[in-house]
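Quick caveat, the model's predicted, so the values are computed rather than measured.
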Protein chains: 2
Amino acid sequence: MDELDTAILRHLQEDARQSNRAIAEKVGIAPSTCLERIRLLRQRGVIRGYHAQVDLPALGRRVQAMVSVQVRPLNRDVVAGFERSVSELPEVLSVYTMAGSDDFLVHVTAQDIEHLHAFLLERFTNRREILGFRTSMIFQHLTNPILDPLPPTP
Amino acid sequence: MDELDTAILRHLQEDARQSNRAIAEKVGIAPSTCLERIRLLRQRGVIRGYHAQVDLPALGRRVQAMVSVQVRPLNRDVVAGFERSVSELPEVLSVYTMAGSDDFLVHVTAQDIEHLHAFLLERFTNRREILGFRTSMIFQHLTNPILDPLPPTP
DNA sequence: CGATGATCCCGAACAAAATTCGGCAGCACT
DNA sequence: AGTGCTGCCGAATTTTGTTCGGGATCATCG
């Protein structure tokens, strides 16, 4: 993980579909070298994958919400079961398993408020392990496109 | 946005760096057709970009937390200023602007607990517009890799 | 002090992919 | 049946991915 790897990673985070040659040129190395570096980053697990980012409204998902959930009993089976089943729902973007007063944070999208309401009533109200949940609408979601390595603490 | 576009989108979300030919073959059309479809998806803004997903621990980011923030006064300038300045910090993965009891939810990463603590003291405690904030550690973060269009509600 | 090996990078050669573009088929409308 | 439109295809051309042999650099060790 030298600064060459970091530079390559930066470019792949910016645009994962640009050609290997373009990246090689930008970071100032030969295409073959760049290809090998990318292969190693992938193999070492530094790069976990490449994903297209889609526009949510274009997919008919016009509202977003964050749902804080408390479950009981808070044991391994209930936690794993909740994570798995909830993360598979099409309306769910991601599931955070947390420490603190709430056990999960679920990022949800829906077509509109009615759909969101129906979704919550169908998928959360019924579940017996769910003690309670609170829903907060999301106005905007900004994401940091580039993640550089942080220096290790000794 | 027919089911052909949907299929292409699915493959690009799964692996954005696979070749156009591979996608074309999987969805059963000619490479040239597939290329044109992808170009249009990009142009229409359905595809917003392609990003490499990196492994946070490999970047020295071993802890994650969610910070709920309340700011005052809650006006346009303060909100926009908070969003912009906070989303630029290297420890910040994303900023959710919310309705409800908290105004923002900030997803942060740090090398370890000490770094997280120092970050919060440096970047949040000092800011005058911040009324208060609560920090919750994240044990796990699951993300849904594939987002299909939801049917429109009439 | 030079030999040895390891590591990393380069560039040429070949295979594969992207890209362009002319044309054909299906379809709606007349 | 004619006309225009749209979307798709496939061949030709350019660009890219991929492999591999060899050279430069550097540290280790005899």
Side-chain angles (χ1 to χ4, degrees), chain A residues 1-61 145-152 154, chain B residues 1-61 145-152 154:
Chain A
M1 272 267 71
D2 54 9
E3 66 288 330
L4 206 55
D5 284 326
T6 302
I8 292 171
L9 217 50
R10 225 191 322 257
H11 289 294
L12 282 173
Q13 286 181 85
E14 185 110 12
D15 177 8
R17 234 178 133 69
Q18 64 185 310
S19 71
N20 174 57
R21 294 182 105 88
I23 300 171
E25 190 168 350
K26 285 173 192 165
V27 306
I29 57 176
S32 52
T33 306
C34 190
L35 196 71
E36 179 65 10
R37 289 273 191 154
I38 294 174
R39 199 203 315 267
L40 289 175
L41 285 170
R42 190 81 217 256
Q43 191 178 312
R44 276 187 280 150
V46 177
I47 295 174
R48 296 180 59 115
Y50 308 100
H51 305 287
Q53 187 195 357
V54 300
D55 183 65
L56 293 174
L59 295 187
R61 299 162 178 259
I146 297 157
L147 299 177
D148 278 336
L150 298 174
Chain B
M1 270 270 67
D2 55 7
E3 65 289 330
L4 206 54
D5 285 326
T6 302
I8 292 171
L9 218 50
R10 225 192 320 258
H11 289 294
L12 281 173
Q13 286 181 85
E14 184 109 15
D15 177 8
R17 232 175 134 69
Q18 65 185 309
S19 71
N20 174 57
R21 296 181 103 89
I23 299 171
E25 190 168 350
K26 285 173 192 166
V27 306
I29 57 177
S32 51
T33 307
C34 189
L35 197 70
E36 179 65 8
R37 289 276 192 153
I38 294 174
R39 199 203 316 269
L40 288 174
L41 284 170
R42 191 81 219 255
Q43 191 177 311
R44 275 188 281 150
V46 178
I47 296 175
R48 297 180 57 117
Y50 307 100
H51 305 287
Q53 187 196 357
V54 300
D55 183 64
L56 293 175
L59 260 41
R61 298 161 180 260
I146 297 157
L147 298 177
D148 277 336
L150 297 175

From CD (Gln43(B)) to CG (Leu41(B)), nearest 0.5 Å: 10.5 Å
Close approaches to DNA chain D from residues 22-44 of chain B, in residue order (heavy atom, under 4.0 Å): Ile29(B), Ala30(B), Ser32(B), Thr33(B), Arg37(B)
Residues from residues 2-21 of chain A lying under 4.0 Å of DNA chain D - heavy atoms: Ser19(A), Asn20(A), Arg21(A)
Gap between atom OH of Tyr50(B) and atom CD of Gln13(B) - 0.5 Å precision: 10.5 Å
Separation of His11(A) NE2 from Cys34(A) SG (nearest 0.5 Å): 9.0 Å
Using a strict 4.0 Å threshold on nitrogen-to-oxygen distance, state whether Asp15(B) and Arg10(B) make a salt bridge. no
Determine, for Arg61(B) against Asp148(A), whether the closest basic-nitrogen to carboxylate-oxygen distance falls under 4.0 angstrom. no
Can a side-chain donor-acceptor contact be found between His51(A) and Gln53(B) if the only test is distance below 3.5 angstrom? yes
Which pair of non-hydrogen atoms, one from Asn20(A) and one from Leu35(A), has the smallest distance, and what is that distance? OD1-N, 3.4 Å
Go through DNA chain D in 5' to 3' direction and return only the first and the last nucleotide with some atom under 4.0 Å of chain B's heavy atoms. dC8(D) to dG10(D)
Spatial distance of atom CG (Leu56(A)) from atom CG (Leu147(B)) [nearest 0.5 Å]: 6.5 Å
Strictly below 4.0 Å, N to O, side chains only: are Asp5(A) and Arg44(A) in salt-bridge contact? yes
For Glu25(B), does the CD atom have more than 12 heavy-atom neighbours from other residues, nucleotides or ligands under 6.0 Å away? no
